[in-house]
Structure formats: structure tokens, C-alpha cells
Amino acid sequence: MPRKLAAVLLLAAFASGCGEEPGFRATLTDPVNVELSWPDDDPHAAGRIVEYTTDPHGDYTILRFLPPRQTSYRHPDLIPETRFYYRIRPFYGAVSEAVTVSVPPGPGSAGPPVSLRTGGQAAAPSAFRAEPAAEEMVRFSWADRSSDEDGFLVEIKKPGAADFVPVEMSDPGTTSAGLASMPGEEGSSYRLRAFYYGAASPVLDRTTGKG
């Protein structure tokens, strides 16, 4: 999609409270496209979540879970003449060993679940397995070893890729998930992260043009 040059504007915070992304910026690159950017300044974050709403007093919608080194996101083809509110949040957590499809599970950890915030790698999901399923699906299963996760993220590393990226989110307390297999993902590696949210950034707002 073509991108037009525009001045980068640092937008005012909308919500009260302290955020952890002081360099968070939003740029209206043309009337219906917004480019978000932020510094890579948290070496402990497993990645960031980009969220938006059109109602500053309503719920936010997750646009994407992003890997740790990514520092921008483009929100394209927006509704004209509408105000959009954005925030980002880091996420943290412990990740399983990587597997490929049909690899049998390893042994599960013994003992009671532990906190992601204090338990370190002991809170990572165990017995993670990826199996082929009907209609070109991959079925994942695991043992939940954390007591306070906000959810689970399936992460994929495609052949030739440099790192894993989040691709599917499951609710807390779940022990299985499914994912449609896409062209080019044959031979990919998968891993599972039990995660929790960090503090949200200040909220930035931008009003789109006529389109």
C-alpha cells in the first residue's frame, strides 16, 4: 500500500495515569491511514499489544500482538472523519520449548501452578504439542503451569524467519487451541507463551480526513 510523506506529530495524552511508552507517536500519513511508532526501550518485554477504540470511555479492541523488536504499526483504510484513540501495552511471560507439527510432547512439570510474575521459567506451559488436524488446521495442546496468566500466545517461526512472532491468542485457563495452516508455513516451529499485560501507554487520538 502506498505511503505518503507527512510530518510526525507527537499527540497529547488523553487518559490520566502514568504510561510506560513516553515516545509513543501517531502520524496521520494520509486522510485514512495512521502510523504508530514507539521506542524499543524495554528489554524485558516479550512484545507489545496495539489497541484502539472510537469511544474513549468504551472498551479497546486489540489490533495486533507484535514481537519485541518491532517499533511501528500501520492502521490502514480507516473510516473517514472519525476520531480514533490508540494505546499500546507491553506483555511479558514465560515461553515453552519450540516444537514442530507431530512432535510428541515432553514431560509435564509436577507441582502446583506458579505465578508468571515471580515463577520465571517454571511458569511456562509444559507438554506443548502441535498436531495436524482436519481442513488444514494445526491443533495445539499444553499443560497450564501458571496461576495468573492473562492468556496464552501461540508464536510461529516460519522457515527462514529470524524469530518467532505471535499468531494466535487463547484465553487464560485454556489448554488447547487451533490455527489454520497458511501457504509457506510448512515446516514452521511453534512455541507457546503464558503472558500477562504491562501498564498501558498514554492514549493518543487522531481524527481521519474525508478519504
Atom pair CZ (R145) and OG (S96), whose distance is rounded to the nearest 0.5 Å: 13.5 Å
NZ or CZ of R206 within 45° of Y86 ring axis and under 6.0 Å: no
Side chain to side chain contact (heavy atoms under 4.5 Å, CB included) partners of E136, counting only residues at least two apart: none
Under-4.0 Å salt bridge between E51 and R89: yes
Donor-acceptor contact below 3.5 Å, side chain R117 vs main chain D148: yes
Minimum heavy-atom distance L116-A123, with the two atoms named: CD2-CB, 3.7 Å
Side chain to side chain donor-acceptor pair (under 3.5 Å) evaluation trace for D55 with Y60: CA-CA 8 Å; D55 178 1; Y60 279 78; over 6 Å; no
Results of side chain to side chain contact (heavy atoms under 4.5 Å, CB included) for P132 - residues two or more places apart only: V101, S102
Aromatic contact, H75 with Y52 (centres under 6.0 Å): yes
Worked check of side-chain contact (heavy atoms from CB on, under 4.5 Å) between V50 and L66: CA-CA 8 Å; V50 180; L66 299 174; 3.6 Å; yes
Under 3.5 Å donor-acceptor, S37 side chain and S72 backbone: no
Test of ring centre spacing under 6.0 Å for Y73 and W38: no
T54: partners by side-chain hydrogen bond (donor to acceptor under 3.5 Å, both in side chains), with sequence neighbours left out: none
Extract all donor-acceptor atom pairs below 3.5 Å that involve side chains of residues 160-177 and protein atoms in other chains or at least two apart in sequence.
residue: T174; atom: OG1; partner: D171; partner atom: O; Å: 2.6
residue: S176; atom: OG; partner: R139; partner atom: NH2; Å: 3.3

Flag, side chain of D205 to backbone of Y85, donor-acceptor distance under 3.5 Å: no
Results of ring pair (Phe, Tyr, Trp, His ring centres under 6.0 Å) for F65 - residues two or more places apart only: F91, F195
Separation between OG of S181 and CD of E135, rounded to the nearest 0.5 Å: 13.0 Å
Test: K210 and D30 ion pair at under 4.0 Å: no
Hydrophobic cluster identity match, I88 and I62, side-chain contacts under 4.5 Å: no
Closest heavy-atom pair and its distance - A130, V138: CB-CG1, 4.0 Å
Contact list for residues 56-67, test salt bridge (charged side-chain N to carboxylate O under 4.0 Å, His left out), sequence neighbours left out: none
Heavy-atom closest pair, residues A46 and P68: O-CD, 3.2 Å
Other cluster members, V95 - Ile/Leu/Val/Met/Phe/Trp/Tyr, side-chain contacts below 4.5 Å: none
N33 and D77: CA distance, side-chain angles, deciding distance, side-chain contact (heavy atoms from CB on, under 4.5 Å) verdict: CA-CA 6 Å; N33 292 277; D77 304 325; 4.2 Å; yes
Hydrophobic cluster membership, F152 vs I49, 4.5 Å side-chain cutoff: no
Donor-acceptor under 3.5 Å (T27 side chain, T29 main chain): no
Distance-only donor-acceptor pairs under 3.5 Å for side chains of residues 182-190, two or more places apart:
residue: E185; atom: OE1; partner: M182; partner atom: N; Å: 3.1
residue: E186; atom: OE1; partner: G184; partner atom: N; Å: 3.1
residue: S188; atom: OG; partner: E185; partner atom: O; Å: 2.6

Counterpart residues, side-chain hydrogen bond (donor to acceptor under 3.5 Å, both in side chains), relative to D150 (two or more places apart): none
Which residues share a side-chain hydrogen bond (donor to acceptor under 3.5 Å, both in side chains) with S146, sequence neighbours left out: D144, E149
Intermediate values then yes/no, side-chain contact (heavy atoms from CB on, under 4.5 Å), L78 and V34: CA-CA 8 Å; L78 304 177; V34 171; 3.7 Å; yes
Residues in side chain to side chain contact (heavy atoms under 4.5 Å, CB included) contact with I79, at least two apart in sequence or another chain: T82, F84
Minimum heavy-atom distance between A26 and L36, given as atom pair plus value: CB-CD2, 3.7 Å
Contact summary for P125 and R193, nearest pair of heavy atoms: CG-C, 4.5 Å
Hydrophobic cluster (4.5 angstrom, side-chain heavy atoms) - remaining members for V114: none
Closest non-hydrogen atom pair, E81 against T207: C-CG2, 4.5 Å
Under-4.0 Å salt bridge between E131 and R129: yes
